[in-house]
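Presented below is the structure to which this report refers.
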Amino acid sequence: MATFSKVNFKSLNYNTFRPHYPASFYKILSDYAIGKDPSKLPIGKSVDLGCGTGVATYPLLNISEKVIGLDLSANMIKTANSLKQERCKEMGVESNRIEFITGSVESLVTKGESSIFGKGDVDLISAAQCIHWFQDYPKFFEASAKSLKSGGTLAYWFYIDPIVVDYSGSENDTKEVKISKLHRSREIIDKYLYDDPNFAGPHWEQPGRNILREYLEEVNKNIPRDLFEDIQINQFHADVENAPFPGQNDLDIVNHKLPVSAVGDYIGTNSGYHNYKEVNGEKAIDIPNQILKEWETELGWDKETTVEFVYNTGYTFMKRKQ
Ligand SMILES: C[S@@+](CC[C@H](N)C(=O)[O-])C[C@H]1O[C@@H](n2cnc3c(N)ncnc32)[C@H](O)[C@@H]1O
């Protein structure tokens, strides 16, 4: 997946505008990894694949003695390292407990024991919002199983595109009008990101984006049942007609009362949009801005409007067979 590696990809924007996963989710992950036995904390070594700027890497320090983040983008690793002293200070942890390395997951698969994947000494492998880019899932699962201790955890999770589920002033609309505005807000995003071939749609790297949009079905179907057990697959599909969703989503990424521009900021970090701009140069339109303009014209959401938005999400956990 090359887009995040491009030198002009804004990795600091990525860190700021992308969702960070809730503490409650790390608790679910931690409980799974230790079998709810607190005496097993901290676990020893965790490896966070496709770590980007370290969004999911730092929180692993709460449960793991040593954490290594790996990403093929030198740009992302540079940002991750630049944030290191500050993040470790905030968390009150020694900075030598976390390390970021540039490299591809495929190189770990090839190098096996001579890489950070080690010799069956890893307690937890995580891959947040990135497994859809990996190549050759059978080989990936095999190499992960070799690098994990027996009973060690492989966990991957994802989110797909923001879905507005409420907006300021919605109490002045009838339920029908509200639902129709919420659906329309999503259709406008889809037009620019996927459906209209004149915009970002054709510029996503494939098959990665489609694998993500299909809830990692392609990944999950390759899980080798002879190597892994206790496989838990959890998915959340937001249905705007039944929002909010208390207790329904383990990986509950909710943005409360943010200005509409926050959705635009997120869309600005999409790799499909980045590629569209590169290909079209000066002819490229500012897609996030265009979406916000159409929201204003069609839905009456101006810059004073605040929105609540969620993401469709999912995760898969499994344990290396004993
Ligand atoms: C959408 S970002 C996710 C970053 C972070 N894990 C998070 O949850 O925000 C995807 C990251 O995966 C990295 N990536 C994609 N394919 C990879 C591969 N084959 N090996 C290593 N990193 C990869 C990209 O460079 C990018 O930084």
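Read the numbers this way: they start at 1 and go in the same order the structure lists the ligands and their atoms.
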task = Could you tell me which residues satisfy salt bridge (Lys or Arg N to Asp or Glu O under 4.0 Å) with Asp302, sequence neighbours excluded, listed by chain and number?
result = none
At a 4.0 Å threshold, what atoms of ligand 1 neighbour a non-hydrogen atom of [X]?
| X | answer |
| --- | --- |
| Trp133 | 15 (C), 16 (N) |
| Cys130 | 10 (C), 12 (O) |
| Gln129 | 1 (C), 2 (S), 3 (C), 8 (O), 10 (C) |
| Gly103 | 21 (C) |
| Ser73 | 25 (O) |

message = If the test is salt bridge (Lys or Arg N to Asp or Glu O under 4.0 Å), which one of Arg184, Lys293, Lys191 qualifies with Glu298?
response = Arg184
Option of least heavy-atom distance to atom 23 (C) of ligand 1 (set: Asn270, Thr57, Thr269, Leu72) = Leu72
query = Nearest non-hydrogen atom to atom 7 (C) of ligand 1 belongs to which of Phe158, Phe134, Tyr21, Trp157?
reply = Tyr21
ask   = Any N/O of Asp48 closer than 3.5 Å to an N/O of ligand 1?
value = no
message = Would Ala56 count as being in polar contact with ligand 1, using the rule that some N or O on each side must be under 3.5 angstrom apart?
response = no
inquiry  = For Lys321, is the NZ atom crowded, meaning more than 12 foreign heavy atoms sit under 6.0 Å from it?
reply    = yes
[X], portion touching ligand 1 at heavy-atom distance under 4.0 Å:
| X | answer |
| --- | --- |
| Val55 | side chain |
| Met76 | side chain |
| Glu106 | side chain |
| Ala128 | both |
| Cys51 | backbone |

request  = List for me each residue that meets side-chain contact (heavy atoms from CB on, under 4.5 Å) alongside Glu308, sequence neighbours excluded, and say none if there are none.
outcome  = Val165, Asp166, Val254, His256
inquiry  = Please report whether the ring centroid of Tyr159 lies less than 6.0 Å from that of Tyr215.
reply    = no
key: Centroid-centroid distance, Phe199 to Tyr273, less than 6.0 Å   = no
task = May I ask you to decide if Ile285's main-chain N or O and Tyr276's side chain share a donor-acceptor pair within less than 3.5 Å?
result = yes
query = Is Gly54 in contact with ligand 1, taking contact as a heavy-atom separation below 4.0 Å?
reply = no
task = Identify whether the distance between the nearest side-chain nitrogen and carboxylate oxygen of Arg87 and Glu90 falls below 4.0 Å.
result = yes
ask   = Quick one: do Lys181 and Asp173 make a salt bridge, cutoff under 4.0 Å?
value = yes
task = Working to the nearest 0.5 Å, report the span between NZ of Lys84 and OG of Ser82.
result = 11.0 Å
